[in-house]
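A short write-up of the structure that comes next.
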Amino acid sequence: MSREDLEQLQLERLQSTLYRVGTHVPFYRKKFAELKIDYDDFKSLADLRRLPFTVKQDLRDNYPYGLFAVPQRDVVRIHSSSGTTGLATVVGYTRNDLKNWSDLVARVLTGAGVTKDDVIQIAFGYGLFTGGFGLHYGAERLGASVIPISAGNTKRQIQIMQDFKTTALVCTPSYALIIADTMMEMGINPSSLSLRVGLFGAEPWSEAMRHEINAKLGIRATDNYGLSEVMGPGVAGECEECNGLHISEDHFLLEVLDPDTLEPVEPGEVGELVVTTLTKEAFPMIRYRTRDLTRLIPEPCACGRTFTRMQRIMGRTDDMLIIKGVNVFPIQIEKVLFEIEGTAPHYQIIIERENHNDKITVLVEVNESLFFDQMKKQRQMVDHIKARLASELGIGVNVKLVEEKTLERSEGKSKRVIDKRKL
Ligand code: DLL
């Protein structure tokens, strides 16, 4: 589709979304009235900037069903995200929403090179989290053979992978590494498996982590992105070029804004992703502030797809740590650790405040051999990591080496940061 036709389609879909929320959702009706927005007058995509934002707190304030735009009898599925603070947020889907969701996830799978000949092992949690069911229905829509194993029980995952000749693995990138390490412990050579591709998402990861997964599992690891508030997985995904995620722009309108001024950043600059749904019936979202940081990649992709790409998520505005006044993203620390030989891909960041001074400690798992090696070698390793982190982050960081497998593992989204400061 040409850009012009796509923009026309987006405009028409946006108009009907505005009509839907303006007539059926009191929250938006009130906001539109306050801002004197007459959606009948909405003539151009540029008018988007006049629309109000929606934030997570708005979902909480309207818990559980206040933002639904259809009567309960038209809702056929409910998901929820647990959230780290406060109330959970609840989202709903009509039958048509589920159909679109399946199509969009099938699109992400196809982009990553998966076909109906693949055997897909879905090791995301099934339940209120959108990862399991989202990928499941998309994979069925594609016609692949789906193994709905859910997360956990890693040895069994590997057994099934061997016996059922799994070709595609779907889970969080951190769980993919746990599977890889467990495989190594079990003495299984990944090249004896049929696995060839991985679709990973739901948490931030780095390019270095991709290389590690590729090397350890002998696959091509691809990234896919989504969030429950606007649907779940299926919003954007990488093609086989593995160089940015194509956004399904026929269903979502994405803006990248400066999180402070809320004005658009220059094309290609980093900012906060703001998403407006274009086809959602049960739970439409207008200008939802994701808090995720990324940049759009304006150049065309070698694969030939015309949907704009976004770069992998660099972090969130709210997991941005401010340490001694310096902005630090956990992903920067991960990048450094992955570049250092002898460290395991598991780490934790602990932040404390002593006498009004922030102290950051990075616990790093190191290979067994180093841990039991001479003190001198360990000290050298600590100094080396410290120096690399200091130059990457611009602040001093304490480093502690820990034995392999001492840090807590997660089968779902991993918890990398423990902030003990009472701010
Ligand atoms: O994590 C949906 C999903 C499931 C996406 C499976 C991909 C695969 P939530 O639980 O609502 O939904 O969490 C959404 O997770 O705002 C990001 O901060 C983060 N996130 C999701 N995908 C990625 C990714 C699902 N590929 C929040 N890279 C989002 C980095 C991601 N962060």
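Numbering of ligands and ligand atoms starts at 1, following listing order. Every value quoted in this text rests on a predicted model; they were computed, and no experiment measured them. Positions are given from 1 along the sequence.
At a 4.0 Å heavy-atom cut-off, ligand 1 touches E203 through the backbone alone. Proximity of R316 to ligand 1, defined as any heavy-atom pair under 4.0 Å, is confined to the side chain (atoms from C-beta onward). Counting heavy atoms under 4.0 Å from ligand 1, residue L227 touches it through both backbone and side chain.
Salt bridge status for D223 with R210: absent, with no side-chain N to carboxylate O gap under 4.0 Å. Using a 4.0 Å cut-off between charged nitrogen and carboxylate oxygen, E352 and R421 do not count as a salt-bridge pair. The residues R49 and E263 are annotated as salt-bridged, a charged nitrogen and a carboxylate oxygen being separated by less than 4.0 angstrom. Between E34 and K31 there is no salt bridge, since no side-chain nitrogen of the basic residue lies less than 4.0 Å from a carboxylate oxygen of the acidic one.
Which parts of ligand 1 touch N224 is read off a 4.0 Å heavy-atom cut-off, strictly below it: atoms 7 (C), 8 (C), 22 (N), 24 (C), 26 (N). Heavy-atom proximity to T130, at under 4.0 Å, picks out these atoms of ligand 1: 2 (C), 12 (O). Of all the atoms in ligand 1, the ones that sit under 4.0 Å from a non-hydrogen atom of F129 are 1 (O), 4 (C), 10 (O), 25 (C). Atom numbering of ligand 1 starts at 1 in the shown order; those under 4.0 Å from a heavy atom of S228 are 9 (P), 11 (O), 12 (O).
Annotation: cation-pi geometry satisfied between R77 and Y137 (NZ/CZ under 6.0 angstrom from ring centroid, within 45° of ring axis). Cation-pi geometry between K99 and Y93 is not met at under 6.0 angstrom from the ring centre and within 45 degrees of the axis.
Considering backbone and side-chain atoms alike, G131 places every N or O at 3.5 Å or more from each N or O of ligand 1. Close N/O approach between S81 and ligand 1 is not found [any backbone or side-chain N/O within under 3.5 Å]. Considering backbone and side-chain N/O of D223, one or more are found under 3.5 Å from N/O of ligand 1. On a distance-only criterion, W205 and ligand 1 share no N/O pair closer than 3.5 Å.
Proximity of R312 to ligand 1 is not established, as no heavy-atom distance is less than 4.0 Å.
Distance alone, capped at 3.5 Å, places no donor-acceptor pair between the E411 side chain and the Y175 backbone. In terms of modelled atom types and a separation under 3.5 Å, the side chain of R287 and the main chain of L51 share a donor-acceptor contact.
Checked by atom type, the side-chain pair T276/R13 shows no donor-acceptor distance below 3.5 Å.
Annotation: atom 16 (O) of ligand 1 to nearest protein heavy atom, D292 OD2, 2.6 Å. The closest protein non-hydrogen atom to atom 1 (O) of ligand 1 is K413 NZ, 2.9 Å.
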